[in-house]
Amino acid sequence: MTMGNNQSVRESHFQRAEGAEEAPTEAQDAGAQHISISNKMVERLVEDAALAGQAAAAEAGAPRGPLKEKMFMEKLLYLDENHSQRYRITVDDLKETAARIELRTANMVSVEPVCAHCKQSVIDCYDAAGGGLACADAVGAFSKCVKSAAAARLRARTQRDARDLARRRRHVAHAREHALRDLSPPAD
């Protein structure tokens with residue numbers, strides 16, 4: 001095989017299923033170049049051929065919009081399936097998670113904004129002075145107010161959790177006492 005005249009020739013041999021036709025002999029393989037194509041590449045080649053056929057049909061006057069839309073929908077379905085397999089999450093899982101979050105947050109009480117008066121003073125300062133170092137005191141006061149409010153909420157939650165834990169312990173001790181009383185032999 002020689003190359004010349006700006007032409008390139010490449011031979012390709014594909015293995016056939018057993019019993020089909022004879023495979024190339026070693027003498028034929030000596031000068032041949034082998035190309036290995038993955039399944040993914042075959043899928044791409046088939047898709048490209050289908051797109052080329054669709055383009056030819058479009059030039060012939062066939063409607064192009066529905067085919068293009070169908071192709072995009074198939075691609076979206078493939079991406080959705082791939083994502084679901086990779087991350088093992090489905091639409092039902094997301095709906096369940098949303099329902100759990102709604103249940104947990106349904107009993108939350110709406111609270112007023114934290115440090116609204118300090119926040120407003122920071123906004124007024126930035127509007128009047130144009131920001132920068134002139135508003136450092138207002139920002140510092142707002143920051144201090146937010147930190148103290150967070151600490152107060154944390155203390156209140158810790159105290160509430162401690163009360164709940166003590167109540168649960170009392171209930172468990174009470175239930176244990178009754179269970180032991182029921183298990184003990186009757187007094188004669």
Side-chain angles (χ1 to χ4, degrees), residues 36-48 50-51 54 65-188:
S36 177
I37 299 176
S38 69
N39 288 340
K40 194 70 171 174
M41 181 58 95
V42 171
E43 289 174 8
R44 287 183 184 164
L45 289 172
V46 169
E47 185 178 284
D48 288 346
L51 289 175
Q54 289 174 0
L67 294 175
K68 194 171 188 180
E69 185 176 315
K70 183 178 178 185
M71 183 181 68
F72 284 128
M73 292 304 293
E74 288 176 5
K75 235 176 201 179
L76 282 173
L77 287 172
Y78 171 76
L79 289 173
D80 183 42
E81 289 172 9
N82 188 18
H83 183 268
S84 295
Q85 288 175 355
R86 180 177 291 169
Y87 296 107
R88 290 174 177 53
I89 189 168
T90 62
V91 173
D92 294 334
D93 293 336
L94 291 175
K95 287 179 181 176
E96 289 174 15
T97 302
R100 280 197 318 265
I101 290 171
E102 286 176 5
L103 280 174
R104 290 182 179 174
T105 58
N107 63 355
M108 292 182 122
V109 204
S110 74
V111 288
E112 294 179 21
V114 178
C115 303
H117 63 285
C118 291
K119 176 183 172 185
Q120 191 57 47
S121 67
V122 170
I123 292 171
D124 292 340
C125 179
Y126 271 97
D127 286 342
L133 293 176
C135 299
D137 291 337
V139 170
F142 178 68
S143 178
K144 185 177 179 181
C145 180
V146 168
K147 286 179 184 177
S148 65
R153 285 187 178 180
L154 182 61
R155 269 193 305 276
R157 182 171 183 148
T158 303
Q159 290 171 354
R160 186 178 65 237
D161 288 348
R163 283 192 308 270
D164 289 345
L165 180 63
R167 182 181 51 80
R168 275 189 246 122
R169 285 183 177 163
R170 282 193 308 273
H171 285 284
V172 168
H174 186 69
R176 186 177 295 136
E177 181 181 323
H178 281 282
L180 289 175
R181 194 178 310 150
D182 290 343
L183 292 174
S184 63
D188 289 330

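Nothing fancy with the numbering, it's 1 onward along the sequence.
In this structure, L77 has no side-chain contact (heavy atoms from CB on, under 4.5 Å) partners at least two apart in sequence or on a different chain. Here Q120 pairs with D124 under the side-chain hydrogen bond (donor to acceptor under 3.5 Å, both in side chains) rule; sequence neighbours left out. With sequence neighbours excluded, the residues that form a side-chain contact (heavy atoms from CB on, under 4.5 Å) with D164 are R160, R167, R168. Listed by chain and residue number, H178 satisfy the ring-ring contact (aromatic ring centres under 6.0 Å, His included) test with H174 (two or more places apart in sequence, or in another chain). In this view, E81 satisfies the salt bridge (Lys or Arg N to Asp or Glu O under 4.0 Å) rule with no residue, not counting sequence neighbours. Under the salt bridge (Lys or Arg N to Asp or Glu O under 4.0 Å) criterion, R157 pairs with D161, sequence neighbours left out. Residues passing the side-chain contact (heavy atoms from CB on, under 4.5 Å) test with R86 are N82, sequence neighbours excluded. Residues satisfying the disulfide (SG to SG under 2.5 Å) test with C115, not counting sequence neighbours, are C145. Listed by chain and residue number, T90 satisfy the side-chain hydrogen bond (donor to acceptor under 3.5 Å, both in side chains) test with D93 (two or more places apart in sequence, or in another chain). Legend: residues meeting side-chain hydrogen bond (donor to acceptor under 3.5 Å, both in side chains) with E43, ordered by chain and number and at least two apart, are absent. Remark: K75 pairs with E47 by the side-chain contact (heavy atoms from CB on, under 4.5 Å) rule, at least two apart or across chains.
Taken to the nearest 0.5 Å, the CD atom of E102 stands 11.0 Å off from the OG1 atom of T97. A distance of 12.0 Å separates CD1 of I101 from CD of E96, quoted to the nearest 0.5 Å.
Among residue pairs with one or both ends in residues 141-162, none qualify as ring pair (Phe, Tyr, Trp, His ring centres under 6.0 Å); sequence neighbours excluded.
At least one side-chain heavy atom of D127 sits less than 4.5 Å from a side-chain heavy atom of I123.
A 6.0 Å sphere centred on CZ of R176 holds no more than 12 heavy atoms belonging to other residues, nucleotides or ligands.
In this structure, V146 and V114 approach most closely via the heavy-atom pair CA-CG1, 4.4 Å. The minimum heavy-atom distance linking A138 with C125 is given by the pair CB-CB, 4.5 Å. Considering all non-hydrogen atoms of both residues, A141 and C118 come closest at O-SG, 4.2 Å.
Side-chain atoms of S143 never come within 3.5 Å of backbone atoms of G140 as a donor-acceptor pair (strictly under, hydrogens ignored).
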